[in-house]
Structures are given as structure tokens and as C-alpha cells.
Number of protein chains: 2
Amino acid sequence: MMNKQSVIDLLQEHGVQSTQQRIEIAQILFAKPQHLSADQVLAKVNHKRNIVSKATVYNSLGLFARKGMIREIIADPNRVFYDSNTSEHHHFFNVDTGELSDLPNENITVNELPGLPEGTVADSIDVIFKVRNKAEKPSVF
Amino acid sequence: MMNKQSVIDLLQEHGVQSTQQRIEIAQILFAKPQHLSADQVLAKVNHKRNIVSKATVYNSLGLFARKGMIREIIADPNRVFYDSNTSEHHHFFNVDTGELSDLPNENITVNELPGLPEGTVADSIDVIFKVRNKAEKPSVF
DNA sequence: ATTGGTGCAAAGGATTTGCAGTCTA
DNA sequence: TAGACTGCAAATCCTTTGCACCAAT
């Protein structure tokens with residue numbers, strides 16, 4: 001678990017005012033590289049006692065993502081995941097279980113891009129490699 | 001606009017029973033290669049008169065996607081897009097406007113994968129290249 | 001006739017919002 | 001103290017569901 005002072009420093013580096021709740025949330029996120037949904041963060045933060053409200057968790061995660069502290073991963077149509085690992089890498093997404101895992105970056109190459117859409121600049125690239133459980137026989141609807 | 005008989009054939013090829021509403025929806029989708037959300041499809045289908053209900057649009061889009069007629073694109077946390085172009089290709093997503101556009105496939109290479117997660121098999125790969133509007137100055141929250 | 005499809009409205013789940021109270025700088 | 005942040009509950013938005021009616025084979 002990242003210590004409190006490191007978290008405060010991290011917040012400041014990213015221009016985010018540090019508050020009790022933001023520190024709690026950041027400590028959960030940066031405990032290790034992981035993918036958590038807002039609800040999962042809420043559950044972890046409030047595991048011991050109720051320290052942070054749902055609204056604040058959502059607000060903080062959105063803020064952290066905008067500030068580049070964490071990365072938003074859109075893979076599951078039902079919820080957004082936040083990744084505390086912002087280094088270049090991509091993801092496996094298990095469509096059966098909804099689990100996300102890391103995909104080493106070396107295996108994906110994006111060549112020179114010919115033309116971005118009119119009047120736009122590159123922001124980021126998300127690669128989602130979808131996998132299914134092997135055992136499950138494909139459901140024949 | 002794809003004619004009615006072609007749509008009926010397409011449905012049959014994919015093992016989807018053809019009905020009035022599904023034909024209406026498919027005609028919208030396959031009018032041209034495009035990315036539409038459920039609500040956009042609903043609006044287009046019912047442009048003239050109310051022919052199809054919201055539930056049926058959602059059901060049909062889900063069915064078409066499962067059957068491989070169209071492709072589901074998860075890029076915008078707020079809604080799912082459906083792409084009538086199922087050939088190998090990826091997407092640009094403008095985070096400012098929420099617009100999706102095609103990214104020619106040649107520019108992305110996925111090398112051999114070392115290890116998929118335990119007990120899983122490959123399903124598909126989605127690459128979302130996020131872009132921002134050039135003019136807009138980055139908002140400094 | 002049977003089975004599957006549709007429509008409606010209500011339910012559901014994730015995320016956001018409004019506003020009063022509280023904390024940080 | 002002023003401005004920013006938080007908490008709570010209500011509000012929103014997209015999507016799914018339950019169930020009665022209708023259509024396709």
C-alpha cells in the first residue's frame with residue numbers, strides 16, 4: 001500500500017487538491033496496478049467504515065482520469081473501469097466474466113497513421129482484446 | 001438503400017427470422033456503412049411513422065450483433081454503437097463530439113500473442129483510437 | 001395451432017446533479 | 001473567510017424485463 005504522503009504528493013503533482021476522501025480513494029487505486037470499477041472502489045474504500053460517499057467516488061475517479069493519474073477503460077458496456085497503471089499497455093477483456101487483464105504492449109503495433117479525422121489531434125489508443133472462456137460451448141441462440 | 005429482398009436474404013443467411021420490424025431496422029443499418037446507437041436507429045426507423053418500439057430496436061440490435069450481422073462498438077461510456085460494416089477495421093473516436101469513424105485496418109498490427117488468460121480463447125480485437133478537436137484549448141480543470 | 005416476436009410501461013443499474021453543510025488553503 | 005469539496009437523495013440516461021397481444025410457419 002502506497003503511504004499517505006506519497007499519495008498527497010501524487011495528487012499535487014497532478015494539480016489535484018488533496019482532501020481526506022481523495023487520499024483514501026487514491027490509496028486504494030495505487031495499492032497495486034489494477035482495474036477497478038467505481039462500485040469496487042466504493043466498496044474497498046468503505047470496507048472498514050463509511051468514509052466516502054458514492055458521489056465523491058464517481059467525482060474523484062472522473063477527476064483523476066482527466067488529470068492523467070489513472071486511465072479510464074471502456075470495454076464493458078455496463079461499467080467503466082479505472083486502471084492505476086498509466087504506462088503504455090492494452091487489455092484482455094473476458095466477455096464471459098467481465099474480467100480485465102493486462103496485455104503486454106509489445107504485441108500491438110500501430111503504424112503511422114495516414115489521416116486523422118478533420119481538425120483533430122491524437123489523444124490515445126485503446127486496444128481491447130476480447131476473449132471467451134474455453135470450456136463454455138458457444139450458446140446457439 | 002439496400003432493397004427489401006436483399007435484407008430478407010441477409011437475415012436468413014444469418015439464421016434470423018425475418019419480420020416487419022427487423023426488416024425495417026436492417027434496412028436502416030445497411031443503407032450504408034455507418035455507426036449508429038440504438039436511439040439513433042429508433043429515431044431513423046420511426047422517422048415517418050411509428051413502426052417499431054424501443055424494446056424491439058434494442059432486442060433486434062442485440063440479436064443482429066450475436067448473429068454476426070453487425071458489430072457492437074464500445075467506445076463511448078454512454079451508449080453502444082452498432083457498425084453495419086463487419087469487415088476487419090478499427091475506429092477513431094472523437095472524445096469531444098462522441099463521433100466514431102473508420103480507421104483503415106492496415107495501420108494496426110497485432111503480433112502473435114504470447115499468452116491469453118487461463119482457459120480462454122480469442123474472440124475479437126477492438127482498437128479505439130481516441131482523438132480530440134484541434135481548436136479546443138485543453139480545459140484546465 | 002404453436003412458437004416466436006412485438007409493444008408498452010415499468011424496472012434496473014450506472015452515473016450525475018442540486019444544494020446545504022464542511023473542509024482546505 | 002472564500003472557494004472548493006463532500007454527502008445525500010433525487011434525478012437522468014441507457015438498457016432490460018414482464019406480460020399480454022400479434023404474427024410467422
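Chain letters run A, B, ... following the sequence lines, proteins first, then strands; residues in each count from 1.
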Integer-rounded Å distance: [N] [atom2] and [X] [atom1]:
X       : N      : atom1 : atom2 : answer
A:Ile25 : D:dT6  : CD1   : P     : 7 Å
B:Glu72 : D:dT15 : CD    : P     : 9 Å
A:Arg66 : C:dT16 : CZ    : P     : 10 Å
B:Ile51 : D:dC22 : CD1   : P     : 19 Å
B:Gln20 : C:dT6  : CD    : P     : 10 Å
B:Gln17 : D:dC22 : CD    : P     : 18 Å
B:Ile8  : D:dT25 : CD1   : C1'   : 15 Å
A:Gln40 : C:dA14 : CD    : P     : 11 Å

(message) Here's a test of your reading of the structure: between B:Ala38 and A:Ser60, which maps to the more 5' nucleotide of DNA chain D?
(response) A:Ser60
(message) Please compare B:Thr19 and B:Tyr82 by the position of their nearest nucleotide in DNA chain D and report the one closer to 5'.
(response) B:Tyr82
(request) Tell me whether the OP1 or OP2 atom of D:dG7 has a side-chain N or O from A:Gln21 closer than 4.0 Å. (result) yes
(message) Does a side-chain N or O of A:Arg22 approach OP1 or OP2 of C:dT24 to a distance below 4.0 Å, or not?
(response) no
Measure from the side chain of [X], starting at C-beta and using heavy atoms only, and say which of [options] lies closest.
X       : options                : result
A:Val52 : C:dT6, D:dC5, D:dG7    : D:dG7
B:Ala55 : D:dC5, C:dT6, D:dT17   : D:dT17
B:Lys54 : D:dT15, C:dT15, C:dT6  : D:dT15
B:Val80 : C:dT15, D:dT15, C:dA14 : D:dT15
A:Tyr58 : D:dC5, C:dT15, C:dG5   : C:dT15
A:Asn59 : C:dA9, C:dT17, D:dG7   : C:dT17
A:Arg79 : D:dT6, C:dA9, C:dT15   : C:dT15

(request) Return the 5'-most residue of the pair A:Ser18, B:Asn78 with respect to DNA chain C, ranking by each residue's nearest nucleotide. (result) B:Asn78
(request) Taking all non-hydrogen atoms of both residues into account, name the closest pair between A:Pro33 and A:Ser84 and its distance. (result) CA-OG, 3.4 Å
(request) Answer yes or no: does atom CD of B:Glu118 have more than 12 heavy-atom neighbours from other residues, nucleotides or ligands under 6.0 Å? (result) no
(message) If you define the side chain from C-beta out and look only at heavy atoms, does anything of B:Asn46 sit under 4.5 Å from B:Ile51?
(response) yes
(message) Using side-chain heavy atoms (C-beta onward) and a distance below 4.5 Å, is A:Ile125 in contact with B:Lys130?
(response) no
(request) Look at the aromatic rings of A:His35 and A:His91 and report parallel, tilted or perpendicular, splitting at 30° and 60°. (result) perpendicular
